[in-house]
Structure formats: C-alpha cells, structure tokens
There are 2 protein chains.
Amino acid sequence: MDHCTTCVVRNRAICSALEMDEISLLGKMGRHHKLIAGQTLIWEGEDSLLVANVIEGVLKLSTSLSDGREQIVGVVYPSDFIGRPFGTRVQHNVTALTDAHVCTFSSSDFDRFAQTHPQLEHKLLERTLTELDRTRRWLLLLGRMTASEKLAYFLLDMSQRLVRPDCANEGPIDGFDLPFGRQQIADILGLTIETVSRRLNDFKVQGLIAVPSRRRIEILDREALENITEAA
Amino acid sequence: MDHCTTCVVRNRAICSALEMDEISLLGKMGRHHKLIAGQTLIWEGEDSLLVANVIEGVLKLSTSLSDGREQIVGVVYPSDFIGRPFGTRVQHNVTALTDAHVCTFSSSDFDRFAQTHPQLEHKLLERTLTELDRTRRWLLLLGRMTASEKLAYFLLDMSQRLVRPDCANEGPIDGFDLPFGRQQIADILGLTIETVSRRLNDFKVQGLIAVPSRRRIEILDREALENITEAA
DNA sequence: GTAGTGCAATGATCCATGTCAACGCTCTAG
DNA sequence: CTAGAGCGTTGACATGGATCATTGCACTAC
C-alpha cells in the first residue's frame with residue numbers, strides 16, 4: 001500500500017498496454033497496492049471514484065444477491081483496467097484471486113490525463129469493446145448452455161488466456177494451472193461446486209482431460225471439448 | 001435501403017448522442033436503411049466491416065448455438081451504436097424487433113472520422129462502458145436468478161427503458177408496450193416461453209401486474225416486484 | 001359465417017441441476 | 001504421531017424449469 005506520487009517503479013503494464021512512451025505516463029500519479037490472494041480491493045473513501053490498472057496477478061469482478069448467491073462478472077489479468085472513468089461509481093466487488101499488484105488513479109486525475117492523451121481513450125475504447133464482446137458471449141453461456149457445455153467452453157477459454165507471458169509463442173496450451181478454486185469456477189459458470197466437480201470428473205473418465213492436482217488441468221482431447229461446446 | 005452519400009435527412013440521433021454540431025457530422029457519409037419488424041440487418045459483403053447508429057426502432061443482438069438455442073445478448077434503442085469499429089468483425093446477429101431506421105457507415109469511414117473527432121471516441125467510450133455495466137448485471141441475472149426473479153427484474157428494467165421520448169419527465173412508467181413477444185422475452189432471460197407465460201401469470205394472479213393485451217404490461221405493485229428481484 | 005395462421009396459455013411428465021449430508025484428501029501445527 | 005481446517009468429491013434425494021402435447025384466442029382472408 002505504499003503511496004508513490006513520483007512513481008519509481010516503471011509501470012510497464014500500463015505503458016505496454018497503451019503502446020505509449022513509458023516516461024510520458026509515469027511519475028505522473030498512481031498509488032501502488034499489493035494485494036494478497038483473497039483480498040478485496042477497497043475503493044477507498046467510498047465516494048472517491050477510482051480507476052485501476054492491473055500490473056500483476058488475476059482478479060475477479062463479482063456481484064451478489066442479498067442471500068449470498070454470487071456471480072463472477074469479469075476476470076482481469078495484467079494490463080487490464082478496472083473501474084469506471086468519467087464520474088460513475090463502479091458497482092461490483094474486485095477481489096484478488098492470486099497475489100496481485102495494482103496501480104490506482106483517482107478518477108479525476110485519470111480523466112484529466114485522458115483529455116490530454118487521446119491515444120489513451122482510443123486504446124481504452126478498443127479494450128472495452130473487446131471486453132463487451134467477451135461478456136456477451138458469456139451471456140450465451142449462462143443463458144443457454146448445459147453444465148458440460150459451460151465447462152468445456154471454460155476449459156478451452158482458460159487454455160487460451162492463461163498462456164504464460166514468458167512463452168511468446170502464440171496459441172493455446174494444453175496444460176495449465178487455474179487461478180480458481182471450484183467455488184470460483186462455479187461462480188463464473190452459474191453452477192454449484194458439486195456440479196462442477198461431477199462434470200469435470202465425467203471429462204476425466206472420458207479421457208478428455210487429466211487433473212493431476214487440484215488446480216492443474218491438462219487437456220488431452222481438445223477436439224472433443226470443442227465438439228461439446230459447439231453443438232450438443 | 002436508399003443510399004445517401006450526401007445525407008439529406010439530418011441524423012439527429014447521432015448528433016444528439018454525441019452532443020455535436022449536426023452539420024459537422026452529416027452529409028459526410030452514411031447509408032440509411034429502413035428495416036421492417038423481424039428483418040435482420042445484413043452486414044453487406046460479409047467482409048466489409050460496418051458500424052451503425054439506430055435512428056428509430058428497437059433491435060436485438062443475438063447469438064445462437066448450432067442446434068437453434070438462441071440468446072439475446074443486447075437490445076438497442078434509438079441513438080445507440082451497433083458494430084465494432086477499428087477493424088474487428090461483429091459476431092452476433094442484429095434483428096429489428098419493431099420497424100426500424102438505422103444509418104450505417106463503413107468501418108474505415110467511421111474510423112477516419114473518429115480520428116479527427118476525439119469527442120466521438122469519448123462519447124463512444126462512455127456509452128460502451130455503460131453497456132458493459134448493463135451486460136455484467138445481466139450476467140448475474142442469467143447465472144444466479146430464478147425465473148420469477150428474472151421476470152421481475154425484466155419488467156422493472158423495461159419500465160425504465162421504454163419511457164416514451166416525448167414524455168420528457170423522468171422516472172419509470174407503470175404501463176408500457178413491450179417490443180417483444182414471449183419468445184424474445186424467453187431469449188433475453190434464458191428461459192422457455194412456457195416458463196415466461198407461467199411466471200407472468202403468477203404475477204397476474206398475485207395482483208402485481210395486469211396484462212390487458214399480449215404486449216401490454218401494467219405494473220400494479222412495483223414494490224413487490226422490487227422485493228422479488230432484490231432478494232428471494 | 002368458416003378456415004387458417006401465429007402466438008400465448010395450460011397441463012402432464014421428465015430430467016438436469018440444486019440441495020443436503022457424509023466422506024476423503026492434503027497440508028499445517030503441535 | 002494426532003487434530004483440525006480447508007477444499008474437493010461422492011451419494012441420495014428434491015425440485016425448478018424444460019419438454020412435449022393440447023387447447024385457446026386474435027386476427028386475417030375468403
């Protein structure tokens with residue numbers, strides 16, 4: 001939680017995300033926060049509007065009903081932005097799934113900065129449109145897919161998104177560690193942990209995947225998983 | 001489907017949406033299309049990327065699985081934008097729910113225009129962020145709500161969004177005509193028509209709503225509907 | 001009027017997923 | 001070693017919503 005107005009650590013994530021000169025952006029403003037897995041990001045002050053940029057780690061965005069039912073509505077990775085610029089409050093919780101490092105900006109600082117850097121708005125718009133598309137595909141998943149279809153889609157999606165940054169080679173990988181426990185998978189897919197467990201076991205029995213440890217998944221038959229999502 | 005390069009009809013919607021001078025935008029480019037209810041907007045050529053602005057009417061964005069299951073992933077109203085600027089293909093169908101009037105721009109024209117008008121990008125970003133928020137709340141609905149909760153939420157949402165443009169007075173209205181048939185309500189909420197029909201009837205019996213005709217809804221007990229969505 | 005068409009409502013049954021409860025791993029602390 | 005906590009798995013059972021089939025109601029065409 002070290003406040004740093006003159007930001008020593010170069011914010012590589014934000015710069016590479018925006019394809020901008022590092023120096024122009026940095027040392028500007030921004031508070032760096034380290035979060036440990038499970039910790040929720042507090043939008044300090046309750047009425048101070050914030051925007052944040054993920055530097056390291058994976059975080060979830062979630063909403064709940066008053067009786068405790070929870071739905072994860074977004075998962076953010078390094079270089080992604082969280083929050084609502086331009087004066088609207090964000091209305092979901094932000095929780096670290098792994099240890100994480102984020103950089104927050106007050107909404108007013110951010111807006112002021114955006115005005116002088118049209119490239120920022122452009123990049124942000126592109127990313128927001130991409131996120132909207134992703135979220136809309138998610139609607140199809142939640143509204144119309146069976147548990148098996150949801151899980152197959154989820155596993156394939158993860159195999160694309162969890163590509164290690166150090167492996168520059170593109171393309172999905174067949175073995176990966178989920179940043180999620182069973183409860184979180186359930187909260188993403190709109191299921192219960194029991195159903196997640198059972199359908200995952202089905203896949204295992206059918207030889208489509210291997211689960212060598214709690215969070216490790218190995219895809220053995222990608223094509224079969226694709227067939228499950230695409231029709232049924 | 002009259003092509004109009006020098007656009008005579010002033011595109012009020014797009015201008016008011018952007019809070020820009022009408023003249024600056026118009027006569028630029030843009031093809032006007034009239035769609036009749038049920039008609040699907042064809043992104044002509046299949047590889048020409050388009051952006052569109054709704055001038056009049058209500059349209060749905062939908063995706064389907066190969067076996068016919070359909071999920072509506074967005075509903076757009078006058079002044080809303082459809083499509084993906086910046087060179088990505090849009091991946092859902094756009095269908096008119098009422099007779100509609102849209103104005104389309106080639107993606108390249110639109111992008112070129114956007115570069116010289118940073119306000120356009122700004123407004124577009126604001127709208128996209130709002131739409132993303134709305135879509136994320138929809139995830140909660142599809143993933144975690146029961147049929148009754150979904151319907152109550154839907155009715156309340158409609159009562160806010162279907163405010164006639166001529167009624168300048170803000171606030172939700174208690175009687176309105178849905179631009180949807182039962183099947184479309186089902187496709188929005190991830191239900192079947194039968195369930196929609198049954199739960200709607202429950203509300204009727206309980207005196208929460210009246211349904212004087214197929215598409216007309218009158219909310220009699222708003223508070224009760226709110227209680228249904230917010231907890232249960 | 002009748003016939004036909006397109007939706008919506010209702011009824012009977014089924015099944016996928018939720019619910020509740022028990023059990024089993026694995027890791028840590030002592 | 002044992003105790004306990006935290007997850008994940010498995011089993012038995014309940015149920016909300018889907019499915020299938022029928023009926024009803026407007027509206028149009030003739």
Side-chain angles (χ1 to χ4, degrees), chain A residues 36-39 65 67-71 95 97-98 140-155 177-206 209-217 228-229 232, chain B residues 36-39 65 67-71 97-98 141-155 177-206 209-217 228-229 232:
Chain A
I36 62 171
Q39 202 174 351
L65 292 168
D67 63 354
R69 281 172 290 176
E70 174 173 319
Q71 176 66 46
T95 311
L97 295 175
T98 63
L140 175 65
L141 181 142
L142 288 179
R144 290 301 186 201
M145 286 190 184
T146 65
S148 298
E149 289 165 350
K150 287 176 177 181
L151 265 161
Y153 184 97
F154 172 76
L155 294 175
D177 286 292
L178 291 172
F180 312 110
R182 294 291 180 273
Q183 183 60 61
Q184 281 143 4
I185 299 175
D187 288 340
I188 288 172
L189 301 178
L191 298 169
T192 57
I193 40 176
E194 293 91 333
T195 302
V196 171
S197 191
R198 282 188 250 264
R199 294 295 89 81
L200 231 34
N201 191 50
D202 291 349
F203 289 168
K204 220 164 59 185
V205 170
Q206 295 171 258
I209 61 169
V211 188
S213 82
R214 296 195 155 190
R215 297 203 163 195
R216 178 121 193 120
I217 299 281
I228 291 173
T229 20
Chain B
I36 61 171
Q39 202 175 353
L65 292 169
D67 63 353
R69 282 172 288 176
E70 175 172 319
Q71 176 67 46
L97 295 173
T98 63
L141 180 142
L142 287 180
R144 292 300 186 202
M145 285 190 183
T146 65
S148 298
E149 290 166 351
K150 287 175 176 182
L151 264 161
Y153 184 95
F154 172 78
L155 294 175
D177 286 292
L178 292 172
F180 311 109
R182 294 289 181 275
Q183 183 61 60
Q184 281 142 6
I185 299 175
D187 289 340
I188 288 172
L189 302 178
L191 298 169
T192 57
I193 39 177
E194 293 93 332
T195 302
V196 171
S197 190
R198 282 187 249 264
R199 293 296 91 79
L200 230 34
N201 189 51
D202 291 349
F203 289 169
K204 221 165 59 184
V205 170
Q206 294 171 257
I209 61 170
V211 188
S213 81
R214 296 197 155 192
R215 298 201 163 195
R216 177 120 194 122
I217 298 283
I228 290 173
T229 19

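By convention in this document, chain letters (A, B, ...) are assigned in the order of the sequence lines, proteins followed by strands, and residues within each chain are numbered from 1.
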Please produce a list of atom pairs where a protein N or O lies less than 3.5 Å from an N or O of nucleotides 25-28 of chain C.
none

Pull out every protein N or O sitting under 3.5 Å from an N or O of nucleotides 15-19 of chain D, one pair per line with the distance.
residue, atom, partner, partner atom, Å
D:dG17, OP1, B:A147, N, 2.8
D:dA18, OP2, B:T192, N, 3.3
D:dA18, OP2, B:T192, OG1, 2.9
D:dA18, OP2, B:T195, OG1, 2.5
D:dT19, O4, B:R198, NH2, 2.8

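One atom, CZ of A:R69, and another, C1' of C:dG18, lie 12 Å apart when rounded to the nearest Å. Atoms CD1 (A:I185) and P (C:dT17) sit 16 Å apart, rounded to a whole Å. Spacing between atom CD1 of B:I193 and atom P of C:dG6 amounts to 14 Å, rounded to whole angstrom units. Between A:L142 atom CG and C:dT17 atom P the separation is 13 Å, expressed in whole Å. For B:R216 and D:dA26, the CZ to P distance is 17 Å, given to the nearest whole Å. If you measure from atom CZ of A:R215 to atom P of D:dT9, you get 12 Å, rounded to the nearest angstrom. Rounded to whole angstrom, the span from the CZ atom of B:R182 across to the C1' atom of D:dG24 amounts to 14 Å. One atom, CG of B:L200, and another, C1' of C:dA8, lie 11 Å apart when rounded to the nearest Å.
Put simply, A:N201 has a side-chain N or O that comes within less than 4.0 Å of OP1 or OP2 on D:dT10.
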With side-chain contact (heavy atoms from CB on, under 4.5 Å) as the criterion, how do A:T146 and B:R69 come out once you've worked through the C-alpha distance, each side chain's angles and the decisive distance to 0.1 Å?
CA-CA 11 Å; A:T146 65; B:R69 282 172 288 176; 4.1 Å; yes
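The line from CD of A:E70 to CD of A:Q183 is 7.5 Å long, rounded to the nearest 0.5 Å. Note: A:R144 CZ to B:L142 CG = 9.0 Å, rounded to the nearest 0.5 Å. Between atom CD1 of residue A:I217 and atom CZ of residue A:F203 there is a gap of 10.0 Å, rounded to the nearest 0.5 Å. To the nearest 0.5 Å, atoms CG (A:L65) and CE (B:M145) are separated by 5.0 Å. Atom CD of A:Q39 and atom OG1 of A:T95 lie 9.5 Å apart (nearest 0.5 Å).
For the pair B:D202 and B:R199, the tightest heavy-atom approach, listed with the atom from each and the gap, is OD2-NE, 2.8 Å. Between A:A147 and A:L191, the shortest heavy-atom distance links the atoms CB-CD2, 4.0 Å.
Of the residues A:L178, A:T195, A:I193, A:L155, the one that meets the side chain to side chain contact (heavy atoms under 4.5 Å, CB included) test with A:I185 is A:L178.
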